[in-house]
Amino acid sequence: MKKVMNLLILAVIALTLSACVQVTPEPNKNNNQLAISSVRDLPFNYPQKSLFSLSPKYVKDTSLKNQQTQAVYQIYTSAIINDLQKNGFTMAQNDQQSAFHVGFGIALSNDFSDEKINEKFGVSPGLPDNADLKKGSFLIYIEDAITGKRVWRGIAQGFAQEGITIEQRQQRTAIIVASVMKQFYQTN
């Protein structure tokens with residue numbers, strides 16, 4: 001009986017060891033890392049069809065050329081508008097009073113460090129630096145249009161994707177924006 005039990009245990013161990021699989025790490029896996037954090041500042045809620053307006057914020061000194069900065073901001077602007085509209089909100093037209101303002105900014109870590117983000121924005125997901133990659137941050141906040149008080153803040157940090165097409169960049173941006181804004185919608 002003891003021999004049968006030992007053989008059974010040995011067979012289970014052998015099967016377990018043979019089932020182990022070694023996975024080789026994917027090259028540039030860090031490129032797809034995304035860290036997200038957010039905080040609700042006030043318990044304001046906005047019903048479906050509430051009007052919003054956009055207010056981009058720019059880093060004063062940037063390592064990007066003005067044309068590059070404008071292109072990135074245009075992609076993020078479109079993604080934010082599309083995401084808010086997809087979730088039931090309406091962009092205010094020139095003469096309409098919005099219920100809330102959406103402020104946002106994009107920066108590389110060498111232009112706007114984690115320390116500056118914590119100091120100025122108060123929220124940081126803390127994605128660790130990688131010497132081989134450029135870390136970037138997408139900061140977004142919701143401000144009540146009537147009181148002027150900040151209602152919600154969110155941030156995503158990831159690594160800049162170089163050498164991708166405009167379509168791929170737009171898709172990635174839409175994913176980033178949706179991932180951060182999801183946290184706002186869940187608390188709204």
Side-chain angles (χ1 to χ4, degrees), residues 28 30-42 52-85 87 89 91-92 94 98 100-145 147-185 187:
N28 294 329
N30 286 338
N31 280 359
N32 293 323
Q33 283 184 341
L34 190 63
I36 299 171
S37 186
S38 71
V39 64
R40 177 63 97 159
D41 294 310
L42 293 172
F52 69 90
S53 60
L54 286 182
S55 179
K57 306 296 180 196
Y58 298 90
V59 175
K60 290 179 183 171
D61 297 315
T62 179
S63 58
L64 297 176
K65 295 176 185 166
N66 187 40
Q67 183 180 10
Q68 292 172 307
T69 300
Q70 292 306 316
V72 170
Y73 271 80
Q74 185 55 49
I75 292 171
Y76 272 88
T77 296
S78 295
I80 293 166
I81 292 169
N82 290 338
D83 194 71
L84 282 162
Q85 289 176 337
N87 283 280
F89 299 102
M91 177 114 177
N94 295 338
S98 61
F100 62 92
H101 300 293
V102 180
F104 70 98
I106 302 111
L108 294 173
S109 61
N110 55 336
D111 297 331
F112 203 60
S113 68
D114 284 355
E115 292 78 25
K116 279 276 190 214
I117 289 171
N118 281 327
E119 177 186 316
K120 302 272 184 190
F121 200 63
V123 179
S124 177
L127 181 68
D129 290 323
N130 183 323
D132 299 331
L133 302 170
K134 293 179 186 176
K135 183 169 76 171
S137 299
F138 164 58
L139 299 89
I140 188 166
Y141 63 89
I142 305 293
E143 183 180 273
D144 186 69
T147 65
K149 293 185 179 183
R150 199 172 283 170
V151 174
W152 175 86
R153 294 171 280 159
I155 181 172
Q157 287 183 324
F159 295 104
Q161 301 285 310
E162 299 183 58
I164 63 174
T165 67
I166 291 290
E167 292 78 21
Q168 290 170 321
R169 190 169 305 284
Q170 290 169 337
Q171 289 171 349
R172 181 166 165 75
T173 301
I175 291 168
I176 292 167
V177 169
S179 297
V180 176
M181 292 302 293
K182 178 180 178 182
Q183 295 184 11
F184 169 69
Y185 304 135
T187 62

Does Thr173 use its side chain to pair, donor to acceptor, with the backbone of Arg169 at less than 3.5 Å?
yes
Is there a side-chain contact between Lys134 and Glu162 (heavy atoms, below 4.5 Å)?
yes
Looking at Gly105, is its backbone amide N or carbonyl O close enough to the side chain of Tyr73 to form a donor-acceptor pair, meaning the two atoms are under 3.5 Å apart?
no
Heavy-atom donor-acceptor pair, Asn82 side chain to Ser78 backbone, under 3.5 Å:
yes
Within this structure, what is the CG-OG distance for the pair Leu127 and Ser37, rounded to the nearest 0.5 Å?
12.0 Å
After noting the C-alpha distance and the side-chain angles of Tyr76 and Phe138, does the key distance pass the ring pair (Phe, Tyr, Trp, His ring centres under 6.0 Å) rule?
CA-CA 9 Å; Tyr76 272 88; Phe138 164 58; 4.9 Å; yes
Apply the test side chain to side chain contact (heavy atoms under 4.5 Å, CB included) to residues Phe104 and Thr77: give CA-CA distance (whole Å), side-chain angles for both, the deciding distance (0.1 Å), then the verdict.
CA-CA 9 Å; Phe104 70 98; Thr77 296; 3.3 Å; yes
Taking atom CZ of Phe159 and atom CG of Asp132, what is their separation to the nearest 0.5 Å?
9.5 Å
For residues 116-125, dump all side-chain donor-acceptor pairs below 3.5 Å to protein atoms at least two apart in sequence or in another chain.
residue: Asn118; atom: ND2; partner: Asp114; partner atom: O; Å: 3.4
residue: Ser124; atom: OG; partner: Gly126; partner atom: N; Å: 3.4

Separation of Leu34 CG from Ile176 CD1 (nearest 0.5 Å):
5.5 Å
Using side-chain heavy atoms (C-beta onward) and a distance below 4.5 Å, is Ile36 in contact with Gln183?
yes
Tell me every residue that passes side chain to side chain donor-acceptor pair (under 3.5 Å) with Ser55, counting only those two or more places apart in sequence or in another chain.
Lys57
Does Val151 form a side chain to side chain contact (heavy atoms under 4.5 Å, CB included) with Tyr141? I'd like the steps, not just the answer.
CA-CA 8 Å; Val151 174; Tyr141 63 89; over 6 Å; no
Would a distance-only check, ignoring hydrogens and angles, find a side-chain to backbone donor-acceptor pair under 3.5 Å from Gln157 to Ala35?
no
CE of Met181 to OH of Tyr185: how many Å apart, nearest 0.5 Å?
4.0 Å
Side chains of His101 and Phe52, heavy atoms from C-beta outward: is any pair under 4.5 Å?
no
Evaluate side-chain hydrogen bond (donor to acceptor under 3.5 Å, both in side chains) for Asp144 paired with Thr147, printing each intermediate quantity in order.
CA-CA 6 Å; Asp144 186 69; Thr147 65; 3.1 Å; yes
Any donor-acceptor N/O pair, Gln68 side chain to Lys65 backbone, under 3.5 Å
yes
Looking only at atom types and distance, does a side-chain atom of Gln168 sit under 3.5 Å from a main-chain N or O of Thr165, one as donor and one as acceptor?
yes
pair Phe184-Asp83: side-chain heavy atoms closer than 4.5 Å:
no
From Ile80 atom CD1 to Gln85 atom CD, the distance as rounded to the nearest 0.5 Å
12.0 Å
List the residues meeting salt bridge (Lys or Arg N to Asp or Glu O under 4.0 Å) with Arg153, not counting sequence neighbours, and say none if there are none.
Asp41
Compare all side-chain heavy atoms of Trp152 with those of Val39 and state whether any distance is below 4.5 angstrom.
no
Okay, side chain of Lys135, backbone of Leu108: is any donor-acceptor separation there less than 3.5 Å?
no
What distance do Met91 atom CE and Leu84 atom CG have between them, rounded to the nearest 0.5 Å?
9.5 Å
Does Ile140 reach the side chain of Val102, with side-chain heavy atoms less than 4.5 Å apart?
yes
So, do Lys149 and Glu143 sit near enough that their side-chain heavy atoms are less than 4.5 Å apart?
no
